[in-house]
Structure formats: structure tokens, C-alpha cells
> 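Pasting a structure here, questions to come.
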Amino acid sequence: YLSLILGSIHFKLTKGDSLMQIDQLKYFIEVVRKGSINLACDGLHISQQALSQSMRNLEKEIGFTFLIRHHKGITLTEKGQEFFYAAVDIVDRWEILLAKLNENLLNGTLRVSIAPFIEEYYYTSLLYFIENHHLPIQLEVINLLPYEAVQLLEKDELDLSAISFFQNTLEAFLKQHKTLLFIPKKQIKLNILVSKYSTLAKKAVIDFSHLDNQRIIIEKSELETDYMRKLLKSNPSANVLTTNSFYAKQSMIANNLGIALSIESGPILSNYAHELVEIPLQGYETMISGILISQNSPKDKLLREILKAW
């Protein structure tokens with residue numbers, strides 16, 4: 001995120017769970033400069049209704065009212081004035097970043113690896129970020145296991161990797177791989193994904209160590225991940241069934257053929273959503289996911305700027 005403290009107000013512009021976008025700040029700045037939502041519409045080429053809704057969403061996002069609306073136009077509140085200066089500063093910094101991208105990465109390719117189990121969250125987020133801000137980058141996603149991604153990062157054959165760690169192992173990993181930088185993004189909450197017809201579907205929570213009698217459906221790419229190793233070690237009698245794809249796994253669960261681990265990332269988006277139930281999993285160590293980059297990469301400084309804004 002981009003973070004700025006002005007007076008007593010702490011602003012954050014984030015990408016991910018937050019809905020605030022650079023375009024919203026640009027709209028807000030134009031409204032203030034024109035003194036009217038109606039007048040700002042012409043220059044922005046959007047409808048009055050869409051612009052008004054964008055301003056309401058932005059006020060909801062930051063938690064206070066910054067515009068006083070009246071028949072002659074708009075007036076800024078006291079906090080709105082502070083927010084206006086913050087918005088101008090953030091947009092200016094963003095334009096500088098875009099200029100650097102155009103200079104350094106024109107027609108460039110960003111080589112990315114996203115670890116199994118978190119790919120849906122990170123791939124969607126990164127793709128949206130690149131497309132929404134018209135970044136001159138071609139995204140090349142390579143399917144790698146975590147240890148393979150680390151090796152390629154250290155050889156400068158990969159630009160960044162979305163990866164996850166048990167929090168108590170992260171420090172030791174970074175001491176061992178001193179050329180790598182980890183930028184935390186999201187704490188992982190694990191769920192159990194079950195069929196709505198399963199006897200487990202009505203449980204409020206499921207304990208990590210009580211899955212011995214369950215058939216656990218695992219994508220082959222997940223077998224080498226830390227959380228899957230821990231699950232299988234804690235439940236040595238578990239009946240494991242492997243599959244080749246995320247969608248095949250969801251189909252099997254929907255038909256009550258087993259259960260699976262899932263990451264809490266919002267609504268289930270698949271044809272089987274109405275057949276599936278997510279139940280919080282307790283009894284496992286805290287996990288953190290984020291972006292891993294090489295500090296020796298020629299793109300290091302640029303990648304850090306992208307990741308701060310993402």
C-alpha cells in the first residue's frame with residue numbers, strides 16, 4: 001500500500017482487500033478542481049451517477065465525509081482538504097512510477113511464479129493491478145514449487161514469486177537466503193472445504209488434528225507445500241486422493257467424495273459454489289503469504305515500487 005500521514009489522519013491506499021483505486025483519487029481531484037460533480041463528468045467522460053457513486057464509495061472506504069454537496073456544487077470539509085492534498089501527492093507519485101515503468105519496462109516481461117494453493121488470490125490480484133493501471137508489462141506465469149522458485153530467483157531467472165511460510169520459519173529462511181527480500185501481503189486463514197451434504201457441513205470449526213478418518217483431496221502441485229506436509233504429518237491415517245486440477249478437486253468435493261484445504265479468499269467462485277461449504281480450521285500455526293524478490297535483480301528498485309503500490 002501507499003501510506004501517508006497528514007496531521008492526525010493516516011491514509012492508506014491498498015490493493016487487495018481494499019477497494020480504493022488510483023482512478024477514484026483522480027476523480028476526486030477533478031471534482032474538487034472543478035467545484036462540481038456535474039462539471040467534472042465532462043472531462044472524465046463518465047456519467048454523473050457513476051461519478052457520484054464513486055465518491056460515495058471512496059468516502060465509505062476512508063471512513064469519513066470529505067464533500068459537502070449543495071445546489072451550487074461541492075465544498076470540502078476540513079478533513080476533505082487534508083485528504084485532497086494527500087490524494088494529489090499519491091497520484092503524483094503514481095505518475096512518476098508509471099514514467100519509470102515506461103522507461104525501464106517498455107515491452108518488458110514480468111516473470112512470475114505463484115505457489116500452489118494461493119494462486120487464485122494472487123494471480124487475480126496481480127492481473128487486475130496490471131490491467132487496471134495500463135502497465136506496459138507482459139505477465140509470464142510459471143508453475144513452480146516453492147523451492148524451485150527460490151532457486152530461479154537466486155539465479156535471476158525469475159522476477160518475483162508469490163509464496164507462503166509458517167510465520168515461525170520465515171526468519172530462518174531469510175537468514176539462509178540473504179539475497180532475497182520477502183514483502184508480506186496477507187495472513188493466511190485456512191478452511192476446510194466440504195460438500196453441503198457432508199456430516200461436517202454443520203460444524204462451526206474443525207480441528208487440524210482430527211481429520212484422520214477423512215478422505216483428503218489434494219492437487220498434485222500441493223503435495224510439496226509446507227501446510228500439506230504438516231496436515232499429513234498430523235493425520236498419518238488420512239486417506240489421500242490426488243487430482244490434477246483445482247476444478248476436478250471442487251467437483252469431487254461437491255459430490256461428497258472427500259474434503260480439501262482451502263484458503264480464505266472471499267466467495268467461492270466456481271460452478272460448484274452452491275454445493276460447497278467452507279469451515280474454519282483451527283489448531284495450525286499462523287501462515288503468512290507475500291511476494292519474494294531478489295535484491296540483486298536489475299529490476300529490484302522498480303519491483304519494490306510496484307509492490308508498494310500493489
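A quick note: this is a predicted structure, and the numbers were derived from the prediction, not measured.
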> Side chain of Asn255, backbone of Ser251: donor and acceptor closer than 3.5 Å?
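Yes, because the side chain of Asn255 sits within donor-acceptor range (under 3.5 Å) of the backbone of Ser251.
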> Main chain of Leu67, side chain of Arg69: is a donor-acceptor contact present, judged purely on distance under 3.5 Å?
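Present.
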> Could you check whether Asn57 and Gln53, counting side-chain N and O atoms only, form a donor-acceptor pair closer than 3.5 Å?
yes
> Please check this pair: side chain of Thr77 against backbone of Thr65, looking for a donor-acceptor N/O pair closer than 3.5 Å.
yes
> Is there a path of hydrophobic side-chain contacts, each under 4.5 Å between heavy atoms, that joins Val91 and Val32?
yes
> Has the side chain of Glu59 got a donor or acceptor atom that lies under 3.5 Å from a matching backbone atom of Phe66?
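At least one qualifying donor-acceptor pair exists.
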> Keeping Asp159 on the side-chain end and Arg111 on the backbone end, is there a donor-acceptor pair under 3.5 Å?
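Side chain of Asp159 to backbone of Arg111, a donor-acceptor pair under 3.5 Å: yes, one is there.
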> If only atom types and distance count, is the side chain of Thr169 paired as donor or acceptor with the main-chain N or O of Phe166 below 3.5 Å?
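Checked: pair present.
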> Check whether any side-chain N or O of Ser52 sits under 3.5 Å from a backbone N or O of Gln48 as a donor-acceptor pair, and report yes or no.
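Judged by distance alone, yes, a pair lies under 3.5 Å.
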> Looking only at heavy atoms, which two atoms of Ile74 and Ile37 are closest? And how far apart?
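Ile74 and Ile37 have their closest heavy atoms at CG2-CG1, 4.3 Å.
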> To the nearest 0.5 Å, tell me how far Ile29 CD1 sits from Lys26 NZ.
9.0 Å
> Is the backbone of Leu200 close enough, under 3.5 Å, to the side chain of Ser198 for a donor and an acceptor to pair up by distance?
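Indeed, once roles are kept as given, a pair shorter than 3.5 Å links the two residues.
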> Between Arg215 (side chain) and Leu241 (backbone), is there a donor-acceptor pair under 3.5 Å?
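Checking the backbone N and O of Leu241 against the side chain of Arg215, no donor-acceptor pair under 3.5 Å is found.
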> Restricting to ring-ring contact (aromatic ring centres under 6.0 Å, His included), what partner residues turn up for Phe173, sequence neighbours left out?
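Testing Phe173 for ring-ring contact (aromatic ring centres under 6.0 Å, His included), a comparison that skips the adjacent residues, returns Phe165, His177.
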> Do the ring planes of Phe83 and Phe28 sit parallel (below 30°), tilted (30 to 60°) or perpendicular (above 60°)?
tilted
